[in-house]
Undergrad: 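Below are the structure tokens for one structure; questions will follow.
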Amino acid sequence: MRKAAHEGLNKGVVKDFYETQTNEALLLAAGGLAEPAQWDNHLRRAAASMVLSVVYDQPTIKSEQDRNVKLINDFVQRLTRAAYPGAHLVEFFPWMRYIPSRYELRCIDSYCAVSDPTQVCKVEARRRGLV
């Protein structure tokens, strides 16, 4: 993963993204001027749109209500919540590591839900012949 990221995002290739970054900056500035109280939503949209544009070659997202923005922001929120210290009972009760595997199904479902935003983008990129 690191090698692939370096190949696609190294300092020589990053110049190709200047136009995309400029478009995102203009949309972010316009959104901030139009609705300053919604600055957090504008930043979330800009970040999600930039990542999708650069990594998956998707068009610029113009609305904070876009499905992909919601998926990415939900993913980030779940990931952040999972990384909080004390977020899992096993940190307090180490014996929970030995709970039978039938309880792992819930974890597998959570994993699928967490990885869903990237799966949608990968399928779309494959369909367009980019991967």
Side-chain angles (χ1 to χ4, degrees):
M1 184 72 164
R2 181 178 175 266
K3 191 173 185 178
H6 181 269
E7 185 178 316
L9 299 172
N10 65 45
K11 67 181 179 181
V13 177
V14 104
K15 294 174 185 168
D16 298 341
F17 306 133
Y18 285 168
E19 184 179 343
T20 305
Q21 289 176 325
T22 303
N23 291 338
E24 290 299 333
L26 290 171
L27 283 172
L28 181 60
L33 290 172
E35 296 175 292
Q38 299 292 321
W39 64 272
D40 189 48
N41 290 337
H42 298 308
L43 288 173
R44 290 173 187 268
R45 186 219 46 86
S49 181
M50 186 65 198
V51 169
L52 288 173
S53 295
V54 169
V55 177
Y56 297 106
D57 195 34
Q58 297 217 352
T60 300
I61 297 173
K62 306 240 187 285
S63 170
E64 292 87 11
Q65 306 305 320
D66 189 89
R67 181 176 150 269
N68 287 329
V69 173
K70 289 182 179 185
L71 284 172
I72 289 172
N73 289 329
D74 289 345
F75 168 72
V76 169
Q77 186 177 23
R78 281 193 304 268
L79 193 64
T80 303
R81 222 179 301 136
Y84 282 154
H88 306 283
L89 289 175
V90 74
E91 294 175 27
F92 299 107
F93 305 109
W95 54 267
M96 290 183 78
R97 281 186 236 147
Y98 306 106
I99 292 177
S101 63
R102 67 176 177 259
Y103 294 102
E104 290 178 10
L105 292 176
R106 202 170 67 177
C107 298
I108 291 169
D109 290 340
S110 295
Y111 173 77
C112 291
V114 166
S115 64
D116 185 44
T118 59
Q119 294 302 323
V120 171
C121 295
K122 285 178 186 173
V123 168
E124 179 66 22
R126 250 187 241 118
R127 185 184 67 75
R128 294 167 61 195
L130 299 171
V131 177

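For the single chain, residues carry numbers from 1 onward in sequence order. When reading the values below, keep in mind they use all heavy atoms of this one structure, side chains included, and skip hydrogens, waters and symmetry mates.
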Undergrad: Look up atom CD in Gln77 and atom CG in Leu79, then write down how far apart they are to the nearest 0.5 Å.
TA: 11.0 Å
Undergrad: Walk me through it: do Ile61 and Arg45 pass the test side-chain contact (heavy atoms from CB on, under 4.5 Å)?
TA: CA-CA 7 Å; Ile61 297 173; Arg45 186 219 46 86; 4.1 Å; yes
Undergrad: Go through the steps to decide whether Asn68 and Leu52 satisfy the test side-chain contact (heavy atoms from CB on, under 4.5 Å), and finish with yes or no.
TA: CA-CA 9 Å; Asn68 287 329; Leu52 288 173; 3.6 Å; yes
Undergrad: Hey, could you give me the OG/CG distance between Ser63 and Leu27, rounded to the nearest 0.5 Å?
TA: 11.0 Å
Undergrad: For Ala82 and Ala87, which heavy atoms make the closest approach, and how far apart are they?
TA: O-CB, 3.9 Å
Undergrad: Report yes or no: do Tyr56 and Ile72 belong to one cluster of Ile/Leu/Val/Met/Phe/Trp/Tyr joined by side chain heavy-atom distances under 4.5 Å?
TA: yes
Undergrad: Hey, is Arg78 close enough to Asp74 for a salt bridge, meaning N to O under 4.0 Å?
TA: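 The answer is no: the pair does not qualify as a salt bridge.
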Undergrad: What is the minimum heavy-atom distance between Ser53 and Gln58, and which atoms define it?
TA: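 Here Ser53 and Gln58 meet closest at OG-O, 3.3 Å.
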Undergrad: For residues 8-20, please give each side-chain donor-acceptor pair under 3.5 Å, one per line with the distance, not counting sequence neighbours.
TA:
residue, atom, partner, partner atom, Å
Asn10, OD1, Gly12, N, 2.9
Asn10, OD1, Val13, N, 3.0
Asn10, ND2, His6, O, 3.4

Undergrad: For residues Lys70 and Arg44, determine if any side-chain heavy atom of one lies less than 4.5 Å from a side-chain heavy atom of the other.
TA: no
Undergrad: Would you mind listing the cluster partners of Leu28? Hydrophobic ones only (ILVMFWY), side-chain contacts under 4.5 Å, chaining allowed.
TA: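 Result for Leu28 is Trp39, Leu43.
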